[in-house]
Amino acid sequence: MTGADLAILALDVAGYVLILTLVALGLAIIFGLLRVISMAHGEFLMLGAYLVLVVEGAGGSFWLGLALAGPAVALVGLLVEAVVIRRVYRRLLDTILATWGVSLVIRQAVTLVFGPASHSIDLPVDAAVAFPGFEYPVYRLFIMALSLALVGATAWLFFATRFGLAARAVIADRDMAACLGYDTRAFDRATFAYGSALAGVAGAAMAPLISVDPQMGVGFLVPAFLSVLVGGLGSIAGPLAGAGTLGAIDGLVARALSPVWAQVAVLAIAVVLIRLFPKGLLGRRGRSP
């Protein structure tokens, strides 16, 4: 393998890690504040991709679809929270069943409207950046930059603003935060909507690179969950550490052997790491459910 091949592999792995971090971060935020395991998170990602498809079908641009994906999926998240999630708070197993039901409803609704076939979306930028010895697509670099920007914005929101301070207070002790006058229901709604929006943006950004179909969310849901478990809760760096570890393993094994062996390796390493670090690589003790 030449130096150029190694550089391309490193960039491919970095891109996958960053988009996986974006999806895992939404899961971690939702679970960290609400103690809700959202099995519908992959479907929120899928909705972001289909929104781009709808916008382009209506004559709009890809960039408009990408800009609308976050707010639109956040609204869907608000609806799901109001109709379903708010009824199963503090019941961890029930949240799994409830959100699994939501995922089935969303998936079947999309299948009825758009059909089971896959769709493709053209690259919005068909250009490459020249590096010494190789070229790399501009759009993949854009996805990396977008993911980094959103991860940074999320860190700023939760660690450098009054909203973040209040949200962390709710995470630490919900009852005490309520006694201090914080509207915990408002934080519940905002958190679920924000986590869902991150998945929607990730789906819209990845739409030109993968097939858009009703099953696409499953391919991101499992590695995102594993990334959260491996990285641990309690910090923005947790999902990043988990996604970095598993994403690197996936990319290297897929290149050396095959994508099938990559999935086996990721699962095996995740099981070992979770066994050795039950709270995750960077996990911290949070409030009790």
Side-chain angles (χ1 to χ4, degrees), residues 8 11-27 40-80 103 106-107 109-131 134-154 193-221 223-224 243 247 251:
I8 292 173
L11 287 171
D12 287 344
V13 170
Y16 177 70
V17 166
L18 287 171
I19 203 71
L20 185 59
T21 299
L22 202 58
V23 181
L25 190 58
L27 279 173
H41 207 66
E43 278 59 47
F44 292 138
L45 180 145
M46 175 192 67
L47 289 177
Y50 271 96
L51 179 66
V52 173
L53 189 68
V54 170
V55 169
E56 288 195 344
S61 68
F62 167 83
W63 303 110
L64 177 60
L66 179 62
L68 293 176
V73 177
L75 289 176
V76 176
L78 283 174
L79 177 63
V80 170
S103 73
I106 294 176
R107 202 180 310 158
V110 169
T111 302
L112 287 173
V113 174
F114 297 97
S118 62
H119 305 268
S120 61
I121 294 175
D122 294 333
L123 282 172
V125 179
D126 189 13
V129 175
F131 291 96
F134 69 97
E135 293 184 340
Y136 201 76
V138 169
Y139 185 70
R140 288 184 178 271
L141 294 174
F142 166 75
I143 289 180
M144 295 184 204
L146 175 65
S147 300
L148 280 173
L150 289 175
V151 170
T154 301
Y194 186 77
S196 302
L198 289 179
V201 172
M206 288 298 293
L209 302 179
I210 58 178
S211 295
V212 178
D213 62 72
Q215 308 300 323
M216 63 178 292
V218 179
F220 286 90
L221 179 65

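Numbering of residues begins at 1 and proceeds along the displayed sequence.
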H41 (side chain) donor-acceptor with A199 (main chain) under 3.5 angstrom: no
OG1-CD1 distance between T111 and I106, expressed to the nearest 0.5 angstrom: 11.5 Å
Test item: V201 and L146 side chains (from C-beta on) under 4.5 Å apart, heavy atoms: yes
Shortest non-hydrogen separation from G65 to L51 and the atoms involved: O-CD2, 4.0 Å
For A149, all residues meeting side chain to side chain contact (heavy atoms under 4.5 Å, CB included), sequence neighbours excluded: none
Non-neighbouring partners of A24 that pass side chain to side chain contact (heavy atoms under 4.5 Å, CB included), sequence neighbours left out: A224, S227, V228, P239
Under the side-chain hydrogen bond (donor to acceptor under 3.5 Å, both in side chains) test, residues paired with Y136 that sit two or more places apart: D12
H119 versus F114, closest heavy-atom pair with distance: NE2-O, 3.5 Å
Side chain to side chain contact (heavy atoms under 4.5 Å, CB included) against L148, all qualifying residues, sequence neighbours excluded: L18
Minimum-distance pair of heavy atoms, taken over all atoms of G48 and V73: N-CG2, 3.9 Å
By side chain to side chain contact (heavy atoms under 4.5 Å, CB included) - contacts of I210 (at least two apart): M206, M216, F220
Spacing of CG belonging to L45 relative to CG belonging to L221, to within rounding of 0.5 Å: 9.5 Å
Side chain to side chain donor-acceptor pair (under 3.5 Å) pairs, two or more places apart, involving residues 59-76: none
Closest contact, heavy atoms only, T21 versus A243: OG1-CB, 3.2 Å
Spacing of CG belonging to L209 relative to CD1 belonging to I143, to within rounding of 0.5 Å: 4.5 Å
Pairing residues for Y194 by the side-chain hydrogen bond (donor to acceptor under 3.5 Å, both in side chains) criterion, not counting sequence neighbours: T154
CG-CG distance between L198 and L27, expressed to the nearest 0.5 angstrom: 10.0 Å
Side chain to side chain donor-acceptor pair (under 3.5 Å) contacts touching residues 201-215 (sequence neighbours left out): none
Pairs flagged by salt bridge (charged side-chain N to carboxylate O under 4.0 Å, His left out) wherever residues 40-66 is involved - sequence neighbours left out: E43-R107
Interatomic distance, I8 atom CD1 to F131 atom CZ [nearest 0.5 angstrom]: 10.0 Å
Set of residues satisfying ring pair (Phe, Tyr, Trp, His ring centres under 6.0 Å) with respect to F62, sequence neighbours excluded: Y139
Nearest atoms (heavy-atom pairs only) where S103 meets A40: CB-CA, 3.8 Å
Heavy-atom side-chain contact between Y50 and V110 under 4.5 Å: yes
Minimum-distance pair of heavy atoms, taken over all atoms of I121 and A207: CD1-CB, 3.6 Å
